[in-house]
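Lettering of chains follows the sequences in order, A, B, ..., and the numbering in each one begins at 1. Quick caveat, the model's predicted, so the values are computed rather than measured.
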Amino acid sequence: MAFSVSCDGSSHDVETGATGFDLFASKTVVAMRVNGELKDLAHPILAGDTITSVEMSSQDGLSILRHSTAHVLAQAVQSINPEAKLGIGPPIKDGFYYDFDVAEAFTPEDLKSLEKAMERIIRSGQRFVRRVTNEADAAKELAAEPYKLELISLKGSDLGEGSAEVGAGELTIYDNVDPQSGDVVWFDLCRGPHLPNTRMIGNGFALMRTAAAYWRGSEKNKQLQRVYGTAWPSKDELRAHQHQLEEAAKRDHRRLGAELDLFSFPEEIGSGLAVFHPKGGIIRRTMEDYSRKRHEESGYEFVYSPHITKGGLFETSGHLQWFSEGMFPPIRIDEEVDENGVIRKQGQDYYLKPMNCPFHNLIFKSQARSYRDLPLRLFEFGTVYRYEKSGVLHGLTRARGFAQDDAHLYVTLQDMEKELTDVLDFILGLLRDYGLDDFYLELSTKEDGNPKFVGDPEIWKLATETLERVANASGLELVPDPGGAAFYGPKISVQARDAIGRTWQMSTVQLDFNLPERFDLEYTAADGSKQRPVMIHRALFGSIERFFGVLTEHYAGIFPPWLAPVQVVGIPVADEFNDYLGRVIDRLRAVGVRAHLDISDDRFPKKIRTHTKDKVPFMLIAGGEDRDANAVSFRYRDGSQDNSVAIEDAVEKILSAIRDKVQV
RNA sequence: GCCGACUUGGCGCAAUUGGUAGCGCACCGCUCUUGUAAAGCGGGGGUUGUGGGUUCGAGUCCCAUAGUCGGCUCCA
């Protein structure tokens with residue numbers, strides 16, 4: 001008996017018992033959506049179903065490919081080491097991983113032999129066959145897999161949406177069936193769907209690296225060995241992905257920082273503590289100078305505070321209670337102990353500051369404040385120290401000592417929303433000046449029931465709603481981040497996409513009703529009553545170091561002229577033109593351009609090479625032809641040229657590029 | 001902090017099974033040098049992250065420690 005179904009938008013007649021295989025002849029269709037749900041092609045089709053094909057190259061298709069590849073990896077691991085216990089193996093961005101409980105960590109050689117074993121499995125064309133089971137039967141079959149048993153027992157509880165093993169519906173197992181013998185050669189608890197067979201994985205996969213990972217993501221659990229892999233519909237796409245990774249590695253700020261002589265992390269100083277070299281110093285100072293100028297224009301007042309303080313200050317703020325493990329341990333001073341070890345004089349504990357806000361609060365409190373003083377905007381490039389765990393340090397983007405471009409705004413409740421709107425506007429404008437222009441916002445809110453968050457729930461609600469209104473008014477995309485708030489209040493963070501599409505958390509704006517309370521901050525209102533101000537914490541760069549790192553990667557070290565450590569290098573074609581070109585360079589230096597003349601013994605092409613590698617934005621060249629025309633020639637970093645430009649025009653061209661902060 | 005890998009002159013790398021450290025770039029000197037990514041010659045520089053140990057002998061093996069890298073966890 002035939003009936004009709006809707007397939008990819010048109011009507012099809014199929015026989016009873018038909019499956020996706022009868023609908024899709026194309027080898028690139030790997031699965032299908034039946035009435036919106038992802039299904040294997042082997043899923044039987046019923047009358048009235050609405051079906052759409054899932055191509056291998058689609059998002060869904062890639063996930064299925066990667067998940068199936070993960071299964072093949074797990075089978076390969078167990079074929080080599082039958083003792084390996086299975087964790088989970090989901091698809092992720094660009095690939096997949098699978099966790100194993102094994103006695104010995106995987107070595108690079110292991111990965112090679114695993115790839116070989118995977119190739120054999122893939123070539124053998126095993127079919128993925130779905131089988132519905134129940135908890136009791138599955139528990140019997142998987143008796144040797146303790147982690148799978150745990151998943152079964154957790155079914156439907158706190159596994160979350162992303163789980164690839166068990167879903168809300170039926171419990172299913174996927175058998176890998178050998179096409180020749182029809183035997184089940186391997187199986188795994190899995191909700192699917194999968195490719196029809198392993199052969200469709202093809203040769204566009206690779207194992208990338210191994211790492212340890214806590215079972216179910218908790219530090220309290222055992223660490224399993226994770227193997228990361230990547231999988232693509234074709235070898236060419238795999239190659240393209242690998243090439244992309246190499247390109248990203250080339251713009252790694254840690255590498256560029258050494259290559260371009262910008263900064264370093266001397267081992268003698270300590271982990272996560274950077275020094276900036278002269279060239280990095282120029283970039284950093286230029287960034288800071290411009291930021292300072294813009295802040296001045298926008299009504300911020302500049303303050304300074306010390307790097308250390310007595311512990312009491314952080315008890316008042318609450319940091320010592322909630323985040324002491326993130327702070328460097330105290331320096332105990334002035335304690336006197338007698339010969340018997342008895343304390344004669346009580347000492348004092350001093351701490352390196354992990355934040356600037358308590359200091360600014362003390363400045364607020366240094367005098368009686370009036371509503372006329374508000375909004376009071378206190379700004380500081382404040383250097384803070386945080387005891388980040390050794391394993392999380394990462395160049396400039398995650399350091400133990402860094403400077404925040406930190407400001408605290410004290411406003412009345414009535415002005416709060418307007419001030420927040422202005423701040424967000426100010427931030428986005430400034431980030432654009434630094435060359436970032438693709439943003440979205442994240443709203444970090446408290447998590448109900450988590451004791452980490454302090455303060456009155458009503459106030460949290462007011463703060464969160466206000467931030468949400470301001471964020472929405474910006475017109476930018478707003479992504480929720482539940483549980484991501486600071487302990488004292490919710491925040492908006494600005495996420496920026498860089499030149500190769502990676503996103504970075506940049507600025508944060510936090511609303512705080514808690515610290516004004518703890519510090520007993522108040523001002524006199526127009527009616528003479530004492531009122532509590534609202535506090536807004538905000539940082540644009542987050543940390544100067546981190547922003548420096550992000551910009552380095554965004555520009556791949558090819559900084560726009562206004563930030564470039566060396567803006568112009570004069571390269572004479574021969575010594576004879578040193579004086580002529582030197583006069584042009586002197587003229588640029590006289591108007592503040594960072595320019596110098598290369599009169600080294602190197603030959604002309606060598607100099608071009610040297611300064612191209614140094615990523616100098618303007619190379620000015622002069623030889624006989626230029627001198628005769630009273631001109632110079634430009635060479636840019638990409639190799640393009642602009643010959644015989646009149647000196648006047650050349651100077652103006654350079655000055656305007658710097659002034660307008662454009663890229664060249 | 002946890003798991004794994006790595007650590008050789010400023011940088012990038014090399015040194016068969018343990019036998020007394022090499023190369024390129026950079027640096028210094030000399031010679032030569034007119035047109036768009038590396039002129040030639042010569043020279044200095046490391047005891048192999050640090051501290052122990054095994055051995056007749058260790059860059060190569062073992063232990064500890066520091067740092068780096070990849071992940072996990074974390075990120076006020």
Side-chain angles (χ1 to χ4, degrees), chain A residues 97 99 102 104-108 110 208-228 249 252 254-255 258-259 261 264-273 314 317-327 354-357 384 386-395 397-400 404 444 452-454 484-489 491 505 508 510 512 514-515 537 542-543 546 571-577 600-614 619 621-627 633-637 639-641 643-644:
Chain A
Y97 66 80
D99 290 342
V102 284
E104 299 286 321
F106 296 103
T107 64
D110 290 338
M208 307 296 280
R209 65 172 66 94
T210 59
Y214 297 105
W215 168 240
R216 296 183 60 221
S218 169
E219 225 173 342
K220 296 186 180 63
N221 291 340
K222 178 161 187 179
Q223 277 195 337
L224 307 181
Q225 292 300 318
R226 176 170 296 179
V227 178
Y228 283 94
D252 189 315
R254 295 168 300 183
R255 173 174 172 163
E259 279 175 9
D261 194 18
S264 60
F265 287 89
E267 202 177 317
E268 295 85 339
I269 299 177
S271 212
L273 300 166
F314 288 116
S317 69
H319 290 104
L320 265 177
Q321 292 89 310
W322 279 287
F323 292 104
S324 57
E325 81 287 354
M327 293 169 65
M355 304 213 89
N356 302 300
C357 23
V384 297
R386 297 180 184 181
Y387 190 73
E388 302 285 3
K389 291 187 203 170
S390 58
V392 308
L393 298 170
H394 185 90
T397 59
R398 194 79 183 272
R400 282 184 171 161
Q404 294 183 307
S444 300
K452 167 184 149 185
F453 303 103
V454 300
F487 73 89
Y488 47 74
K491 71 179 181 200
Q505 178 177 318
T508 58
Q510 305 177 2
D512 184 358
N514 188 258
L515 281 185
H537 306 242
S543 109
R546 183 180 146 82
I571 307 176
V573 167
D575 285 350
E576 184 193 340
F577 308 100
S600 69
D601 277 351
D602 287 330
R603 280 170 157 69
F604 182 69
K606 177 63 182 298
K607 291 183 181 181
I608 299 275
R609 177 181 156 88
T610 301
H611 300 109
T612 304
K613 285 178 73 168
D614 258 3
M619 280 169 275
I621 291 161
E625 293 161 32
D626 298 290
R627 186 172 58 186
S633 294
F634 282 83
R635 182 185 162 101
Y636 298 97
R637 292 172 285 200
S640 65
Q641 295 167 53
N643 290 334
S644 286

*With distance as the sole test, does A:Asn221 use its side chain to make a donor-acceptor pair with the main-chain N or O of A:Trp215 at under 3.5 Å?*
yes
*When you measure from the side chain of A:Arg635 to the backbone N and O of A:Thr612, does any donor-acceptor pair fall under 3.5 Å?*
no
*Does B:C72 have a Watson-Crick or wobble partner in any strand here, with both distances under 3.5 angstrom, and which is it?*
B:G1
*In the structure shown, which nucleotide is the Watson-Crick or G-U wobble counterpart of B:G59, with both distances under 3.5 Å?*
none
*Write down the atom of A:Ser633, the atom of A:Ser644, and the distance for their closest heavy-atom approach.*
OG-N, 3.1 Å
*asked:* Work out how far the C1' atom of B:U65 is from that of B:C11, and round it to whole angstrom.
replied: 26 Å
_Residue matched to B:U54 through Watson-Crick or wobble contacts both under 3.5 angstrom_ = none
*asked:* Taking B:A26 as the reference, what is the distance to B:G40 when you measure between their P atoms (whole Å, please)?
replied: 11 Å
*Expected output: side-chain A:Asp110 to main-chain A:Thr107 donor-acceptor under 3.5 Å*: yes
*Give A:Phe106 one of three labels, base, sugar-phosphate or nothing, depending on what nucleic acid heavy atoms sit under 4.0 Å from its own.*
nothing
*May I ask which nucleotide in the shown strands pairs with B:U47, Watson-Crick or G-U wobble, both distances under 3.5 Å?*
none
*Write down the atom of A:His611, the atom of A:Met619, and the distance for their closest heavy-atom approach.*
CB-SD, 3.9 Å
*Spell out, as yes or no, whether a donor-acceptor pair under 3.5 Å connects the side chain of A:Arg226 to the backbone of A:Asp99.*
no
*Tell me the partner of B:A39, counting only Watson-Crick (N1-N3 plus N6-O4 or O6-N4) or G-U wobble (N1-O2 and O6-N3) with both under 3.5 Å; none if nothing fits.*
B:U31
_Considering every strand and a 4.0 Å limit on heavy-atom distances, what is the contact class for A:Pro354: base, sugar-phosphate, or nothing?_
base
_Span that lies between the C1' atom of B:U17 and that of B:C61, in whole angstrom_ = 13 Å
*Once you apply the 3.5 Å cut-off to both distances, tell me the Watson-Crick or G-U wobble partner of B:U20, or none.*
none
*Is a side-chain donor or acceptor of A:Asp252 paired with a backbone partner of A:Ala249 at a separation under 3.5 angstrom?*
no
*Ignoring hydrogens and geometry, is there a side-chain-to-backbone donor-acceptor pair from A:Lys491 to A:His537 under 3.5 Å?*
no
*Using the P atom as the reference point in each nucleotide, state the distance between B:U7 and B:G59 in Å, no decimals.*
15 Å
_What's the gap between B:G46 and B:U50 when it is taken at their C1' atoms, as a whole Å value?_
16 Å
_Nucleotides bounding contact with chain A, strand RNA chain B, heavy-atom threshold 4.0 Å_ = B:G1 to B:A76
*Spacing of the C1' atoms in B:G49 and B:G43 (rounded, Å)*: 28 Å
*Would you kindly compare A:Lys491 and A:Leu393 by the position of their nearest RNA chain B nucleotide and give the one closer to the 5′ end?*
A:Leu393
*Nearest-nucleotide wise, let me know which of A:Arg637 and A:Gly395 is further upstream toward the 5' end of RNA chain B.*
A:Arg637
_Partner nucleotide of B:C6 by Watson-Crick or wobble geometry (both distances under 3.5 Å)_ = B:G67
*What integer number of Å spans the C1' atoms of B:C2 and B:G19?*
40 Å
_Give me the distance, rounded to whole Å, that separates B:A15 from B:U47 when you measure between the C1' atoms they each carry._
15 Å
*Taking a pair as Watson-Crick or G-U wobble with both distances under 3.5 Å, which nucleotide is matched to B:A26?*
none
